[in-house]
Every structure is written in structure tokens, then in C-alpha cells.
Chemist: 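To start, I am sharing the structure in question, which I have written as C-alpha cells.
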Amino acid sequence: MNKILVLITLSDSGIETIKSTPELPKKENEFVNQWREQGILESFYISVSKKSAVLIFKNIDESKAKELIETLPYFPYMATIDYYNLNQIF
């Protein structure tokens, strides 16, 4: 099964903005929960430092994953976004 792994790192200034704007994390979580309910987000991890996140999408292609990531409230605060096409072996 093919999957898309997305590795996101937030900018330092973005982290400060997010911390000082309590509604941003709530809005971000709404997107993530909606994708999980739709069956397109398989896994979601946040680093201990909360500076990075890993999302694993299924049943979509890379262009759709990019489109979805660009809709996130945190998108303007992301320093790097890497996409990896994976083929699940087991």
C-alpha cells in the first residue's frame, strides 16, 4: 500500500506565534481530526519539542497531500515541509 509521509518543521517565530494564539492549535486539530475521520490520515506524531510533526496519509497522492497541508492554519508558520512517497511492506 502506498502512503505519503509528510515531515513538517515550524519556524522559531512561528512557534512563538502559535503559543501566543490559543485558537490556532484548536483550528489545526480540527483539520487533523477531520482527515482521520475521512480515513486519509493514518498517523500523526508531534515531536517532544513541538517544533516538528509527522503525518502519514493513505489513499491519496502527493499532490493531494500538498493541497491539504497548504490549508492548515499552521501553514504560514512552517519552515520546511518534506514529502516522501512510501510503499508499505508490512
Side-chain angles (χ1 to χ4, degrees):
M1 175 184 290
N2 292 336
K3 301 190 181 188
I4 308 294
L5 182 143
V6 182
L7 176 58
I8 297 168
T9 303
L10 298 172
S11 67
D12 291 334
S13 61
I15 291 171
E16 293 306 315
T17 301
I18 291 165
K19 285 181 180 177
S20 65
T21 315
E23 63 272 4
L24 271 175
K26 291 177 187 175
K27 289 180 182 179
E28 187 84 359
N29 284 332
E30 289 174 11
F31 280 84
V32 171
N33 288 329
Q34 181 182 15
W35 296 342
R36 189 188 69 211
E37 290 170 8
Q38 292 172 349
I40 59 174
L41 184 63
E42 181 174 286
S43 300
F44 178 56
Y45 302 90
I46 299 175
S47 66
V48 174
S49 69
K50 297 188 179 179
K51 186 173 181 172
S52 301
V54 174
L55 295 88
I56 300 175
F57 289 100
K58 62 181 180 178
N59 303 322
I60 63 170
D61 61 15
E62 184 176 338
S63 64
K64 180 64 176 177
K66 287 180 179 180
E67 181 183 313
L68 291 171
I69 295 299
E70 291 175 5
T71 66
L72 289 171
Y74 285 11
F75 182 73
Y77 311 108
M78 296 177 186
T80 61
I81 308 167
D82 296 309
Y83 297 88
Y84 299 93
N85 290 283
L86 305 175
N87 186 15
Q88 185 173 357
I89 304 300
F90 60 88

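The structure presented is a predicted model; accordingly, all values stated were derived computationally and were not measured. Numbering starts at 1 and runs along the sequence shown. Scope of the values below: all heavy atoms of this structure, side chains included, with no hydrogens, waters or symmetry mates.
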Chemist: Under 4.5 Å between side-chain heavy atoms, counting indirect links through other Ile/Leu/Val/Met/Phe/Trp/Tyr residues: same cluster for V32 and I81 or not?
Modeler: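 Yes: a chain of side-chain contacts under 4.5 Å links V32 to I81.
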Chemist: Do K64's NZ or CZ and the ring of F57 fall within the cation-pi criteria of under 6.0 Å and 45°?
Modeler: no
Chemist: Looking at every non-hydrogen atom in both residues, tell me the closest pair between Q88 and F90 and how far apart they are.
Modeler: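 Heavy-atom minimum between the residues: NE2-O, 3.0 Å.
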Chemist: Using a 3.5 Å distance criterion without hydrogens, assess whether the side chain of S20 forms a donor-acceptor pair with backbone atoms of T17.
Modeler: yes
Chemist: Hey, which of N85, V54, D82, L55 is the one that makes side chain to side chain contact (heavy atoms under 4.5 Å, CB included) with L5?
Modeler: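 Checked N85, V54, D82, L55 against L5; only one passes side chain to side chain contact (heavy atoms under 4.5 Å, CB included): V54.
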Chemist: If you round to the nearest 0.5 Å, how far is CG of L72 from CG of L24?
Modeler: 11.0 Å
Chemist: May I have the step-by-step check of salt bridge (Lys or Arg N to Asp or Glu O under 4.0 Å) for K66 and E70, ending in yes or no?
Modeler: CA-CA 6 Å; K66 287 180 179 180; E70 291 175 5; over 6 Å; no
Chemist: Taking only residues two or more places apart in sequence or in another chain, which ones pass side chain to side chain donor-acceptor pair (under 3.5 Å) with T71?
Modeler: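 None.
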Chemist: Decide side-chain contact (heavy atoms from CB on, under 4.5 Å) for L10 and K50; before the verdict, give the C-alpha distance in whole Å, the side-chain angles of both, and the deciding distance to 0.1 Å.
Modeler: CA-CA 9 Å; L10 298 172; K50 297 188 179 179; over 6 Å; no
Chemist: Calculate, to the nearest 0.5 Å, the distance between atoms OG and CG belonging to S47 and L7 respectively.
Modeler: 9.5 Å
Chemist: May I ask whether I56 and Y74 are part of the same hydrophobic cluster, defined by side-chain heavy atoms of I, L, V, M, F, W, Y residues being less than 4.5 angstrom apart, directly or through others?
Modeler: no
Chemist: May I have the list of side-chain donor-acceptor pairs in residues 33-46 shorter than 3.5 Å, sequence neighbours left out?
Modeler:
unit_1, atom_1, unit_2, atom_2, d
N33, ND2, N29, O, 3.2
E42, OE1, K3, NZ, 2.3
E42, OE2, K3, NZ, 2.8

Chemist: How close do I4 and I60 get, counting heavy atoms only, and between which atoms?
Modeler: CG1-O, 3.8 Å
Chemist: Decide whether Y83 and F31 are clustered together by the hydrophobic rule: side chain heavy atoms of Ile, Leu, Val, Met, Phe, Trp, Tyr closer than 4.5 Å, transitively.
Modeler: yes
Chemist: Checking the side chain of S11 only, and the main-chain atoms of Y77 only, is there a donor and an acceptor separated by less than 3.5 Å?
Modeler: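 Yes, the answer is positive, given that a donor and an acceptor are paired below the 3.5 Å cut-off.
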Chemist: Can you measure from CD1 (I8) to CZ (F75) and round to the nearest 0.5 angstrom?
Modeler: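 I8 CD1 to F75 CZ: 9.0 Å, rounded to 0.5 Å.
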